Protein chains: 2
Amino acid sequence: MSVKHALLALLEKPRYGYELRAEFEQRTGASWPLNVGQVYTTLSRLERDGLVEAGGTDAEGRSLYQLTEAGQAEVKGWFDTPVERTQPQRDELAIKLAVAVAVPSVDVGKVVQQQRNATMQALQGYRRQARSGAGDDLPGGLVLDRLVFAAEAEIRWLDHCESRLRRAAASSTAPEPVQPEGESR
Amino acid sequence: MSVKHALLALLEKPRYGYELRAEFEQRTGASWPLNVGQVYTTLSRLERDGLVEAGGTDAEGRSLYQLTEAGQAEVKGWFDTPVERTQPQRDELAIKLAVAVAVPSVDVGKVVQQQRNATMQALQGYRRQARSGAGDDLPGGLVLDRLVFAAEAEIRWLDHCESRLRRAAASSTAPEPVQPEGESR
DNA sequence: GAGTATGTATATACCGAGTATGTACACCCT
DNA sequence: AGGGTGTACATACTCGGTATATACATACTC
């Protein structure tokens, strides 16, 4: 749903398909390359749903699209309504670990360590980009910061998983599998 | 790709479709409800690709699926290879803010505040779940922790966005838009 | 100047993820 | 006997995303 709304928002003034992709990638700092084909399929769906309409061609013969009234309302609604986090995105890594701890043949500790290496590498890549000046323009910089914050959280979570796994392993050998410290309820 | 591999991993022993969904949801602590239909479509694709095969029916007449050799190798490969974070998931919230800062008619500060409220509420929901004992079993607990860590990072990022937006607004009125502190390079 | 790489611009085919819906059967309850 | 609920499987459909094809202009080069 994100691409759909992003394109709508970029259509504050009439634009053509190829331009929309360029605008999208410029703003997101090329962190998420957007396939051109998706722009056109999305535009035709938006046209079908009455949110955009073809607005003739420009001087170079490129076919322009513009928002309808319904489209303007949709954009406003998108910005006025927060992104739903009560039913969060499926996360492959969390699923992987959740499944792994229940499959006896898997060395979960190793999975965690390898993932930390991979995420750490991605994080260093983001920081390098930020230092090289890619984070200086505002929109792209915010996206880059987002990736940094998310990667740091992922690494913290992986550390947390390791310690929790160690505790679980210890308590499974001990007779009483009770929480060590006094967590009230 | 996450569901596909998760189902493969759960097929360490022969299971039937409905059972796979139940196992998946139990392990992920019902954080990500899985549509049964997707289990069957995924299974038929996996069968087409030679990763699973129909393994007769059990005593109650339910049709079982089991891993082929290629399927076992696929599972092993999944656990041995970290989740790719160099080309990260598209994130609707980041896209929204990146687009919003470039659209003059949008009050970005308000968007940030509303989102913080929404994320904060989600976070409190996760903590309530954790306190109520949903986080006590290991796999579901790890998933819940993951959601908590991610929500906290999101809130920190939103705070960071606010201060960065304030700085940008200040420097756009001031003549010299230079970084305040000495960032080497 | 013919040939060929490169960039711009649009369009379509295809696949996988995910949702909604339909059907059948067993069980329980009143 | 009828109605609700849970189990089990299957299929239709939409959407997100990738790959590919086509057309045209520019630029480079042998």
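Computed from a predicted model, the values in this text were never measured in an experiment. Residue numbers begin at 1 in each chain, while the letters A, B, ... track the order of the sequences.
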- Message: Taking B:Leu142's backbone N and O only, do any of them form a donor-acceptor pair with A:Trp157's side chain (distance below 3.5 Å, no angle check)?
- Response: yes
- Is B:Thr81 reaching over with its side chain to a backbone N or O of B:Trp78, donor-acceptor style, under 3.5 angstrom? no
- Task: State whether the side chain of B:Glu25 and the backbone N or O of B:Leu34 hold a donor-acceptor pair below 3.5 Å, judged by distance alone.
- Result: yes
- State which of C:dA11, C:dT10, D:dC15 makes the closest approach to the side chain of A:Ser63. C:dT10
- Is any NZ, NE, NH1 or NH2 atom of the basic residue among A:Lys13 and A:Glu19 found under 4.0 Å from an Asp or Glu carboxylate oxygen of the other? no
- Query: Taking atom P of C:dT10 as reference, at what distance in whole Å does atom CD of A:Glu60 sit?
  - Reply: 11 Å
- B:Leu64 CG - D:dT7 C1' separation (whole Å): 15 Å
- Task: Check the distance between D:dG6's P and B:Glu25's CD and give it to me in whole angstrom.
- Result: 14 Å
- Does B:Arg48 or B:Pro33 map to a spot on DNA chain C nearer the 5' end, using the closest nucleotide for each? B:Arg48
- Task: Verify, without hydrogens or angle tests, whether B:Arg116 (side chain) and B:Glu154 (backbone) share a donor-acceptor contact under 3.5 angstrom.
- Result: no
- Query: What is the distance from NZ of B:Lys4 to P of D:dG17, rounded to the nearest Å?
  - Reply: 18 Å
- Message: Expressed as a whole number of angstroms, how long is the span from B:Leu8:CG to C:dG16:P?
- Response: 13 Å
- Quick one: B:Tyr18 OH to C:dC25 P, roughly how many Å, whole number? 17 Å
- Message: For the backbone of B:His5 and the side chain of A:Lys96, can you confirm whether one donor and one acceptor N or O come within less than 3.5 Å of each other?
- Response: no
- Task: Look at the side chain of A:Arg90 and the backbone N and O of B:Ser2, then say whether any donor-acceptor pair between them is shorter than 3.5 Å.
- Result: no
- Taking OP1 and OP2 of D:dC15, is either one under 4.0 Å from a side-chain nitrogen or oxygen of B:Arg90? no
- From CD of B:Gln89 across to C1' of C:dA17 the rounded distance in Å is 12 Å
- For D:dC9, does either OP1 or OP2 sit under 4.0 Å from a side-chain N or O belonging to B:Arg21? no
- Atom-pair distance (CG on B:Leu20; C1' on C:dG18), nearest Å: 17 Å
- Message: Under 3.5 Å for both donor-acceptor distances, Watson-Crick or wobble: does D:dT29 have a partner, and if so which one?
- Response: C:dA2
- Note on the structure: Here the residues of residues 34-47 of chain B within 4.0 Å heavy-atom distance, strictly under, of DNA chain D are B:Gly37, B:Tyr40, B:Thr41
